[in-house]
Amino acid sequence: MSAEPRINDRIRVPEVRLVGPSGEQVGIVPLAKALELAQEYDLDLVEVAANARPPVCKLMDYGKFKYESAMKAREARKNQAHTVIKEMKLRPKIDPHDYDTKKGHVVRFLKQGDKVKITIMFRGREQSRPELGYRLLQRLAEDVADLGFVESNPKQDGRNMIMVLGPHKKKTEAMAEARQAQEARKADAKANPGKSQNAAEADADADVDTEVEAQAPAPAEA
């Protein structure tokens with residue numbers, strides 16, 4: 001069955017409960033009278049409650065109504081928050097520079113409102129020292145405590161140790177802030193047209209490179 005409501009001549013009932021263009025209740029009128037009023041207002045007669053007795057119909061611009069409904073649905077999909085779990089892999093003996101780099105990725109993910117799965121990868125004799133991974137996870141959790149919390153405590157999973165961090169900020173809030181920042185950048189670009197397109201593209205490429213690096217497995221360490 002079609003989800004489209006019946007309109008105008010497709011309505012097949014002897015009388016309807018009519019609602020005017022501004023939402024005012026006209027009352028129960030013969031279908032012919034309702035169609036005549038629709039022509040006078042240059043509007044459509046739309047059946048909005050088919051199961052009522054008699055059915056409820058409203059005078060409206062159906063084309064405009066469909067367009068506005070489609071735009072609202074599109075905006076709702078745009079604002080819909082999807083739960084995303086990012087992953088960051090570390091070695092228990094990671095050097096300070098690599099740690100700071102990976103911590104930076106975790107900070108960015110949490111600011112975006114995403115969860116982060118932290119995986120410590122043990123190799124060889126490292127497997128006999130799980131406390132090294134536990135301490136590293138505890139250190140990372142403390143370093144990003146202002147942005148996220150430990151949603152799943154560290155636990156051993158074969159050769160790996162896993163912890164999940166959850167963001168304090170909701171995904172919808174992060175998305176709203178990102179849109180505001182984007183609008184601010186656009187306004188700044190209009191006010192300061194000196195920034196070249198190449199520079200803007202370079203910034204975008206840098207973001208993509210960072211994302212790829214964040215998702216890539218950590219290299220083996222000596």
Side-chain angles (χ1 to χ4, degrees), residues 74-123 126-127 129-192 195 199-221:
R74 179 182 177 184
E75 188 66 21
R77 288 193 299 269
K78 181 179 177 182
N79 293 330
Q80 188 175 6
H82 298 281
T83 301
V84 177
I85 299 180
K86 304 288 188 177
E87 183 173 13
M88 185 61 56
K89 297 181 179 181
L90 297 83
R91 294 292 307 282
K93 295 181 180 180
I94 188 171
D95 67 62
H97 174 73
D98 286 344
Y99 174 81
D100 289 339
T101 298
K102 291 181 179 292
K103 183 183 71 174
H105 295 321
V106 174
V107 166
R108 180 163 56 87
F109 293 148
L110 292 173
K111 284 183 176 180
Q112 292 172 350
D114 295 323
K115 297 182 180 182
V116 188
K117 175 184 175 182
I118 311 296
T119 302
I120 304 295
M121 302 180 296
F122 296 95
R123 294 179 182 175
E126 292 175 347
Q127 297 180 61
R129 301 288 305 279
E131 69 276 8
L132 295 178
Y134 183 81
R135 286 201 294 265
L136 181 59
L137 291 176
Q138 290 292 99
R139 173 188 172 189
L140 181 58
E142 292 173 2
D143 286 347
V144 300
D146 57 331
L147 297 172
F149 61 95
V150 177
E151 185 173 284
S152 177
N153 289 316
K155 62 181 180 179
Q156 197 76 26
D157 183 14
R159 294 185 177 184
N160 301 327
M161 183 176 287
I162 296 172
M163 176 180 73
V164 178
L165 296 174
H168 291 313
K169 185 183 301 181
K170 293 182 180 179
K171 183 71 173 180
T172 50
E173 295 175 356
M175 291 171 63
E177 289 183 3
R179 283 196 299 272
Q180 290 176 357
Q182 184 180 29
E183 291 172 358
R185 287 194 297 270
K186 289 181 178 178
D188 182 64
K190 289 181 179 179
N192 302 280
K195 184 175 182 180
E201 292 175 356
D203 291 343
D205 291 341
D207 290 341
V208 173
D209 292 340
T210 301
E211 184 74 20
V212 172
E213 180 185 351
Q215 297 297 333
E221 296 180 7

Checklist outcome for this item: Between Gly133 and Met161 the two heavy atoms that sit nearest each other are C-SD, 3.8 Å
Next on the checklist: Arg159: which residues meet the side chain to side chain contact (heavy atoms under 4.5 Å, CB included) condition with it, sequence neighbours left out?
Outcome noted: Gln127
Item to check | Set of salt bridge (Lys or Arg N to Asp or Glu O under 4.0 Å) partners for Arg129, sequence neighbours left out | outcome: Glu131
Checklist entry - Atom CD1 in Ile85, atom CG in Leu165: separation rounded to 0.5 Å? => result 11.5 Å
Next on the checklist: Let me confirm one number: the CD1-CD distance from Ile118 to Glu87, rounded to the nearest 0.5 Å.
Outcome noted: 8.5 Å
Checklist entry - Which residue pairs pass the ring pair (Phe, Tyr, Trp, His ring centres under 6.0 Å) test when at least one of the two sits in residues 130-151, sequence neighbours left out? => result Phe149-His168
Checklist entry - Just how far is it from atom CE of Met163 to atom CG of Leu136, taken to the nearest 0.5 Å? => result 8.5 Å
Checklist outcome for this item: CD1 of Ile120 to CG of Leu140, rounded to nearest 0.5 Å, is 8.0 Å
Checklist outcome for this item: With sequence neighbours left out, the residues meeting side chain to side chain donor-acceptor pair (under 3.5 Å) with Asp143 are Tyr99
Next on the checklist: Are the side chains of Met121 and Pro92 in contact, using a 4.5 Å heavy-atom criterion?
Outcome noted: no
Next on the checklist: I'd like to check the side chain to side chain donor-acceptor pair (under 3.5 Å) partners of Glu151; sequence neighbours left out, ordered by chain and number.
Outcome noted: Lys115
Next on the checklist: Test your reading of the model: is there a side-chain donor-acceptor pair from Asp95 to the backbone of Asp98, 3.5 Å cut-off?
Outcome noted: yes
Checklist outcome for this item: CG of Leu137 to OG1 of Thr119, rounded to nearest 0.5 Å, is 9.0 Å
Checklist entry - Can you find a heavy atom in the side chain of Pro130 that is under 4.5 Å from one in the side chain of Gln156? => result yes
Item to check | Exam field: side chain Glu142 to backbone Arg139, donor-acceptor pair closer than 3.5 Å | outcome: no
Checklist entry - Glu126 versus Arg91: any side-chain heavy-atom pair under 4.5 Å? => result yes
Item to check | Those residues that, when tested against Asn153, pass side chain to side chain contact (heavy atoms under 4.5 Å, CB included) (two or more places apart) | outcome: Val150
